[in-house]
Amino acid sequence: FVVPHDFGACFHYQEEKAIERGILPLLQRATLVQTFGQRNHVCLKDGSITIPPYAPPQKMQTHLIPEKTPRSIFVYFRGLFYDVGNDPEGGYYARGARAAVWENFKDNPLFDISTEHPATYYEDMQRAVFCLCPLGWAPWSPRLVEAVIFGCIPVIIADDIVLPFADAIPWEDIGVYVDEEDVPNLDTILTSIPPEVILRKQRLLANPSMKQAML
């Protein structure tokens with residue numbers, strides 16, 4: 001069975017309701033194909049086949065800019081920092097990691113972060129060195145797929161994420177892992193990565209096989 005929704009076989013985007021529903025007996029006995037995963041989660045079976053979320057290849061293709069375009073943005077992120085509607089008191093959404101990004105780096109000139117989602121979103125990714133990929137309500141999102149497709153080094157902030165095709169895609173070589181508790185140190189962590197390491201990651205991301213695996 002293909003289960004592309006956020007919490008896999010429990011079929012609900014809100015974690016509590018997904019857990020209440022549980023996995024149907026039929027699905028408990030089946031092999032599941034699910035988009036990303038999360039360790040030790042009742043709705044996401046161990047042994048499932050983990051795949052990336054769908055990114056329309058034609059749509060991605062239309063936003064490509066020349067490969068030689070300088071990457072003039074150091075850190076890029078567009079998305080929610082707080083989900084006031086579903087988490088009015090704060091602290092639960094993204095386990096506080098997104099809030100910590102905003103509170104620590106909203107005025108940092110190295111960080112181009114905002115809740116605005118511009119028409120140039122995909123083009124901006126191609127002008128960035130690092131793209132933040134923090135957890136939200138779930139540890140995964142299409143943002144990680146988009147970063148890889150556009151050659152932006154993904155900064156994975158999701159402690160219990162299970163990545164797609166982990167036996168074929170060298171995630172540690174193409175990305176940067178940052179523990180959720182270390183978000184306040186993001187600027188130090190990223191600026192301390194040697195230029196030759198950044199270049200090596202960018203060269204790996206430029207390999208057509210990476211884009212093919214994501215698409």
Side-chain angles (χ1 to χ4, degrees), residues 36 50-53 55-57 59-79 97-98 100-102 104-114 117-135 139-159 161-215:
F36 283 76
T50 307
I51 62 170
K59 183 179 180 182
M60 303 291 104
Q61 190 71 30
T62 60
H63 289 276
L64 288 177
I65 62 177
E67 288 184 17
K68 299 297 183 183
T69 304
R71 290 192 176 265
S72 54
I73 302 169
F74 190 63
V75 181
Y76 188 73
F77 176 79
R78 291 292 184 272
R98 291 194 185 202
V101 169
W102 179 250
N104 286 280
F105 305 112
K106 60 185 175 184
D107 298 319
N108 188 314
L110 295 177
F111 283 69
D112 186 346
I113 59 176
S114 171
H117 200 294
T120 56
Y121 176 67
Y122 291 136
E123 288 80 1
D124 292 343
M125 275 189 157
Q126 294 167 80
R127 296 185 182 97
V129 177
F130 294 105
C131 288
L132 299 185
C133 302
L135 74 161
W140 58 89
S141 80
R143 186 177 284 105
L144 181 51
V145 173
E146 293 160 353
V148 172
I149 289 171
F150 292 128
C152 187
I153 298 169
V155 180
I156 302 163
I157 307 169
D159 292 352
I161 194 170
V162 175
L163 292 166
F165 305 145
D167 55 343
I169 296 174
W171 286 106
E172 293 198 5
D173 294 333
I174 64 174
V176 174
Y177 287 85
V178 175
D179 291 341
E180 293 166 25
E181 66 178 10
D182 290 336
V183 166
N185 304 318
L186 258 177
D187 54 347
T188 305
I189 291 168
L190 296 179
T191 55
S192 65
I193 298 174
E196 61 270 20
V197 173
I198 291 175
L199 190 59
R200 186 162 64 243
K201 290 180 184 294
Q202 290 174 331
R203 283 174 178 159
L204 283 168
L205 284 166
N207 187 323
S209 65
M210 294 298 158
K211 292 182 177 61
Q212 186 178 4
M214 291 293 99
L215 292 169

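Everything numeric in this text was worked out from a predicted model, so none of it was measured.
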Residue pair Tyr121, His63: steps toward the side-chain contact (heavy atoms from CB on, under 4.5 Å) verdict: CA-CA 9 Å; Tyr121 176 67; His63 289 276; over 6 Å; no

[atom1]/[X] to [atom2]/[Y] distance, rounded to the nearest 0.5 angstrom?
X: Ile51; Y: Leu163; atom1: CD1; atom2: CG; answer: 13.5 Å
X: Leu110; Y: Phe130; atom1: CG; atom2: CZ; answer: 10.5 Å
X: Trp140; Y: Phe36; atom1: CH2; atom2: CZ; answer: 9.5 Å
X: Leu205; Y: Ile149; atom1: CG; atom2: CD1; answer: 11.0 Å
X: Met214; Y: Gln212; atom1: CE; atom2: CD; answer: 11.0 Å
X: Lys211; Y: Gln61; atom1: NZ; atom2: CD; answer: 10.0 Å

Looking only at heavy atoms, which two atoms of [X] and [Y] are closest? And how far apart?
X: Leu186; Y: Phe111; value: CB-CZ, 4.1 Å
X: Ile65; Y: Gln126; value: N-OE1, 3.0 Å
X: Pro52; Y: Ala213; value: CG-O, 3.9 Å
X: Leu135; Y: Arg98; value: O-NE, 2.9 Å
X: Asp112; Y: Arg78; value: OD1-NH2, 2.8 Å
X: Leu132; Y: Ile113; value: CD1-CG2, 4.5 Å

Aromatic plane relationship, Tyr122 with Phe150 - under 30° parallel, 30 to 60° tilted, over 60° perpendicular: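 Rings of Phe150 and Tyr122: tilted, as their planes differ by 30° to 60°.
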
Set of disulfide bond (SG atoms under 2.5 Å apart) partners for Cys131, sequence neighbours left out: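 Per chain and number, Cys131 pairs via disulfide bond (SG atoms under 2.5 Å apart) with Cys152.
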
Please check this pair: side chain of [X] against backbone of [Y], looking for a donor-acceptor N/O pair closer than 3.5 Å.
X: Glu146; Y: Ala55; answer: no
X: Trp171; Y: Pro164; answer: yes
X: Asp179; Y: Glu181; answer: no
X: Asn104; Y: Ala100; answer: yes

Under the salt bridge (Lys or Arg N to Asp or Glu O under 4.0 Å) test, residues paired with Arg71 that sit two or more places apart: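 Once residues adjacent in sequence are excluded, Arg71 has no partner under the salt bridge (Lys or Arg N to Asp or Glu O under 4.0 Å) criterion.
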
Contacts of type salt bridge (Lys or Arg N to Asp or Glu O under 4.0 Å), residue Glu180, not counting sequence neighbours: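 Glu180 satisfies salt bridge (Lys or Arg N to Asp or Glu O under 4.0 Å) with Arg95 once adjacent residues are dropped.
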
Residues that Asp124 engages under side-chain hydrogen bond (donor to acceptor under 3.5 Å, both in side chains), provided they are two or more places apart: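 In terms of side-chain hydrogen bond (donor to acceptor under 3.5 Å, both in side chains), with neighbours along the sequence ignored, Asp124 is linked to Tyr76, Thr120, Arg127.
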
Pairwise side chain to side chain donor-acceptor pair (under 3.5 Å) hits with a residue in residues 184-207, at least two apart: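 Pairs touching residues 184-207 that pass the test: Asn207-Ser209.
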
For Ala206, all residues meeting side chain to side chain contact (heavy atoms under 4.5 Å, CB included), sequence neighbours excluded: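 Not a single residue meets the side chain to side chain contact (heavy atoms under 4.5 Å, CB included) criterion with Ala206.
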
Residue Glu123 excluded, over 12 heavy atoms near CD under 6.0 Å: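 Yes, CD of Glu123 has more than 12 neighbouring heavy atoms, counting only those of other groups under 6.0 Å.
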
